[in-house]
Number of protein chains: 2
Amino acid sequence: MEYGVKMPRQPKFSRDDVLDAARDAVFEHWRSATVSHVTSRLGAPSGSIYHRFASREALFVTAWIRSVRRFQQALTTIVEIPDPTEAIVETALHIPRFCRQHRKDARMMTLYRHADLLTTAPPELREELAGLNTPVATAIAALTRRRYGRVTNHGLAVMRLACRDSPYGIVRPIIGEAIPAWIDDAVRATTGALAGLPDHT
Amino acid sequence: MEYGVKMPRQPKFSRDDVLDAARDAVFEHWRSATVSHVTSRLGAPSGSIYHRFASREALFVTAWIRSVRRFQQALTTIVEIPDPTEAIVETALHIPRFCRQHRKDARMMTLYRHADLLTTAPPELREELAGLNTPVATAIAALTRRRYGRVTNHGLAVMRLACRDSPYGIVRPIIGEAIPAWIDDAVRATTGALAGLPDHT
DNA sequence: TCCATTCTAGAGAAGGCATTCTAGATGACG
DNA sequence: CGTCATCTAGAATGCCTTCTCTAGAATGGA
């Protein structure tokens, strides 16, 4: 607490409360979620939203970023699994598992694509978005090196498919619903097959 | 030309012209495509749109249906490929190939999910939407029977993954852009692996 | 030529939504 | 108890979009 800084009034709604409400509104209305959906869930006036976030877009993008970070949290430990092939498969399996345990965050993550946000998001969030992908990129690069003994562009592309795009494609149609256990078998099969590809064309 | 029917004025904009403009607007603006994006591309006033389509939603959903039908056109011949495994893999490969040759239609198809439209689309289109999936369902069922010798629910689910969800997941991040040739190798690998799974848990 | 039909044309009504603005409440601190 | 920073509160504003409505043009038959 700094000298001379008056202690402000206690917030009735925390920043996370607002983001939770945004996430819940998206879970229910997806792309047509409005600011008033958020305020009515929160029981707050629109002023409380705009006091913290510059715009509707800033609110939803911030909530999206929070969900992405939650997804990334487990990655670093998974990548350290001793056996390379197991590390690859477990990275891929993290996707259906996360979707099972964090249904709302998972659905929130489907709202935007990272590449699109880099150019369309509110300027004040661009910098954060630019660095957002590094944990995943680092993990993929580490897995690529461990799998092939070197890192080529094609090797990286294959590993992205194996650990990210392919498992995501498998769960995508049912994100937000229950994910059956056998989906994990399907992920094991596809990721195993992709990890078997060579790192050159 | 029926008796007593007066010949009307020639349309300046055909139905397909309007749908093309809608598809192009979606290619550029995706979900935020508006009716005025469409009219300005077409060089037409909004009246010409609303003369043919009941609402903005009816226009875009109709364009979506047209793209889906174009995708389905090649399916029936592919399924008839003699070797079952080859038929399965070629069905899956139809997805990256279609995305390569019909970039705008492919992107248009990402605008809605069939399951959502069944409940949210304008009522006059519901019936058409209800029957839209049958060509794909028929193809998947045929492939399931040929692969396993019988049709179980789990077998169908695996085959949907192999022929549709998995390859779609692989191309999805790059739909609208150029699809590299090696993507087909990845699809072959994953679809082959999934088709190798048994039809029971 | 006149008429019925089908279309283009575009101004503007209507509605929904994000956003702003002003007032007031709250709490820490001197 | 007064002051200040921070927050709640929600009515009011203004924008943007969809959609309607009226006028008029093109076409071919009677």
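So that the names make sense, note that chain A is the first sequence line, chain B the second, and so on, each numbered from 1.
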Distance check: side-chain N/O of [X] vs OP1/OP2 of [N], anything under 4.0 Å?
| X | N | value |
| --- | --- | --- |
| B:Lys12 | C:dA9 | yes |
| A:Ser48 | D:dT8 | yes |
| A:Arg52 | D:dT8 | yes |

Original post:
Looking only at side chains, do A:Thr91 and A:His94 share a donor and an acceptor under 3.5 Å apart?
Top reply: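 No.
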**OP:** Using a strict cut-off of less than 4.0 Å between a Lys/Arg side-chain nitrogen and an Asp/Glu carboxylate oxygen, indicate whether B:Asp105 and B:Arg69 qualify as a salt bridge.
**Re:**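 Between B:Arg69 and B:Asp105 there is no salt bridge, as every charged N stays at least 4.0 Å from the carboxylate O atoms.
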Subject >> Salt bridge flag under 4.0 Å for residues A:Asp16 and A:Arg66 >> reply: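 Here A:Asp16 pairs with A:Arg66 in a salt bridge, since their nearest N and O are under 4.0 Å apart.
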What integer distance in Å separates [X]:[atom1] from [N]:[atom2]?
| X | N | atom1 | atom2 | answer |
| --- | --- | --- | --- | --- |
| B:His51 | D:dA26 | NE2 | C1' | 13 Å |
| A:Phe13 | D:dT8 | CZ | P | 6 Å |
| B:His29 | D:dC16 | NE2 | P | 15 Å |

Original post:
Looking at residues 35-44 of chain A, who's got a heavy atom less than 4.0 Å off DNA chain D?
Top reply: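 Residues of residues 35-44 of chain A under 4.0 Å from DNA chain D: none.
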**OP:** Please tell me if the side chains of A:Ile174 and A:Ile183 come closer than 4.5 Å, counting only heavy atoms from C-beta onward.
**Re:**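 Yes, their side chains come closer than 4.5 Å.
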Original post:
Which nucleotide, C:dA18, C:dA9, D:dT18, lies nearest any side-chain atom of A:Thr34?
Top reply: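 When the side chain of A:Thr34 is considered, C:dA18 is the closest of C:dA18, C:dA9, D:dT18.
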Could you list the protein-to-nucleotides 21-24 of chain D atom pairs, N/O on both sides, closer than 3.5 Å?
from	atom 1	to	atom 2	distance (Å)
D:dG24	N2	B:Arg9	NH1	3.4

Original post:
Which residue lies toward the 5' end of DNA chain C, B:Ser46 or A:Ser55, if each is placed at its nearest nucleotide?
Top reply: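 The residue whose closest nucleotide sits nearer the 5' end is B:Ser46.
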With under 30° as parallel and over 60° as perpendicular, where do the rings of [X] and [Y] fit, or are they tilted in between?
| X | Y | answer |
| --- | --- | --- |
| B:Trp182 | A:His154 | perpendicular |
| A:Phe98 | A:Phe71 | perpendicular |
| A:Tyr112 | A:Trp64 | perpendicular |

Subject >> Worked verdict on B:Glu90 versus B:Arg97 for salt bridge (charged side-chain N to carboxylate O under 4.0 Å, His left out) >> reply: CA-CA 10 Å; B:Glu90 289 297 311; B:Arg97 286 174 183 157; 2.8 Å; yes
